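A short write-up of the structure that comes next.
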Protein chains: 2
Amino acid sequence: MTKDKKTYHHGDLRKTLLDTATAIIREGGVESLSIRKLADQVGVSRTAPYHHFKDKNELLCAIAEQGFLQQDQAVKKIPAQYPTLLPAALFEQYVLAYIRFANEQPETYDLMFGREIWKTGTPTESLKVISKSSFRIWVEWIEELKEKNLFNQEEPTLRIAQASWAALHGLCRLFNDGIYVNREDLEAIATTTVHMLIQTSGKATKSKEIL
Amino acid sequence: MTKDKKTYHHGDLRKTLLDTATAIIREGGVESLSIRKLADQVGVSRTAPYHHFKDKNELLCAIAEQGFLQQDQAVKKIPAQYPTLLPAALFEQYVLAYIRFANEQPETYDLMFGREIWKTGTPTESLKVISKSSFRIWVEWIEELKEKNLFNQEEPTLRIAQASWAALHGLCRLFNDGIYVNREDLEAIATTTVHMLIQTSGKATKSKEIL
DNA sequence: ATATTATCTTGACGGTGTCTAGATTAATAA
DNA sequence: TTATTAATCTAGACACCGTCAAGATAATAT
């Protein structure tokens, strides 16, 4: 029991639960979060959380939502931060910003895109909305960069966005799970990915047009 | 209880457990597998499995191992299957073969690269070996294709392998979790990914034009 | 035949999510 | 203000889970 004042009504339990749960997950991953321990840590009975979240699933979705918002915010700053950068270098900054979030909060990231929510559980409507709008930001960037000839004009923007985003996502997951790659190589591999994804030269478009 | 003959000793419990567990996971994912239900389904007491696998974790690792072997086998056939294909098209076949496995056995794939084993649990030594050798196959392919100018010569092979593999992996996870993409678009997005990853300019295009 | 070892069983412990019914208090309507 | 309603919290119970310990049984080695 963390709380001293033992009022019957907590006052702002919903927010407290969300914050504490977020902290628990950030430290030990989804698996380390149990409603019972959470309730105990907050100083409330085991079933109290169910008056603020229908499910454990709903709690997780709410936490994931916060993650999306946080990432969006961190990543939206990029254009203003690097106003002079050329398209290719700007794209690299986008990628790095994205990856850095996943690297700094791996457990939150895993929750945001993990099985627990999207496969085992059922994502909340509001989470779906937020995650989609988060992806849309990415699509819009790709759109802009495509106009600046960074990507093949013949390829549909959505496809490019999906493919490039999947590439990023794959990187993040590998780093987070520690498969096939070392954490120190993060930025290097990210840079390689960027180089592979973008159109390498003006010639490229040209020779394709010939085709 | 599935088994009729009620001998005290099962005979080949280890294999039976492995096969049954694999089937359960293939159908309902890792979450749907419990040692107790598994034991019950096989017709044996709840703790019997512990004489063949130290842990649930060890069972999962053993199943994942089988997955890697199976995927390696399915994917190794490619070169012999398409002997006349040019590098770029061959690479695309590699990619498609890889993705198809993940698409046909999504739950097995998720187990092979999922948190359950690599983050929450502790991967068996033998699983580590097998998964690494599986990745090495990919690296060797990249090496070959790089020699044929499909990738930038200045980029280290390992980096290219990691980056391209991560891109694939990201795609598979997205499809499996159903985030941002529809299943019908699988091959189309995969193709886009291929086009983005390979070198489109200079000598590489040259060899393409020969076609 | 006896001892050893591998295999399997039953019972128990502590953990989980969450449903139900009841207690307490805050908010609201009269 | 008072009475009623609604929100919030608690305790108890249920059905799961992984797995440890101790004992039963059968195959194997001596």
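By convention in this document, chain letters (A, B, ...) are assigned in the order of the sequence lines, proteins followed by strands, and residues within each chain are numbered from 1. Just so you know, these numbers come straight off a predicted model, no measurement behind them.
Closest contact between the side chain of A:S45 and the listed nucleotides D:dC17, C:dG17, D:dC9 involves D:dC9.
For DNA chain C, no neighbouring residue in residues 112-128 of chain B is found when judged by any heavy atom under 4.0 Å.
Spacing between atom CG of B:L17 and atom P of D:dG18 amounts to 13 Å, rounded to whole angstrom units. Atom-to-atom, CG of A:D55 to C1' of C:dC19 comes out at 12 Å; the value is rounded to the nearest Å.
At a cut-off of 3.5 Å, with distance as the only test, a side-chain donor of B:E92 or B:T191 sits close to an acceptor on the other residue.
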Does B:N103 form a side chain to side chain donor-acceptor pair (under 3.5 Å) with B:R183? I'd like the steps, not just the answer.
CA-CA 9 Å; B:N103 192 43; B:R183 233 192 174 77; 2.9 Å; yes
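Positionally, the nearest nucleotide of DNA chain D for A:H51 lies more toward the 5' end than for the other of A:R36 and A:H51.
Using bins of under 30°, 30° to 60° and over 60° for the plane-to-plane angle, the ring pair B:W165/B:H169 lands in the parallel bin.
Heavy atoms of A:S34 sit under 4.0 angstrom from primed sugar atoms or phosphate atoms, though from no base atom.
Between A:E187 and A:R100 there is a salt bridge, since at least one side-chain N of the basic residue sits less than 4.0 Å from a carboxylate O of the acidic one.
Contact between A:N57 and A:G121 at its shortest, heavy atoms only, is OD1-CA, 3.7 Å.
One N or O on the side chain of A:N152 and one on the backbone of A:E154 form a donor-acceptor pair closer than 3.5 Å.
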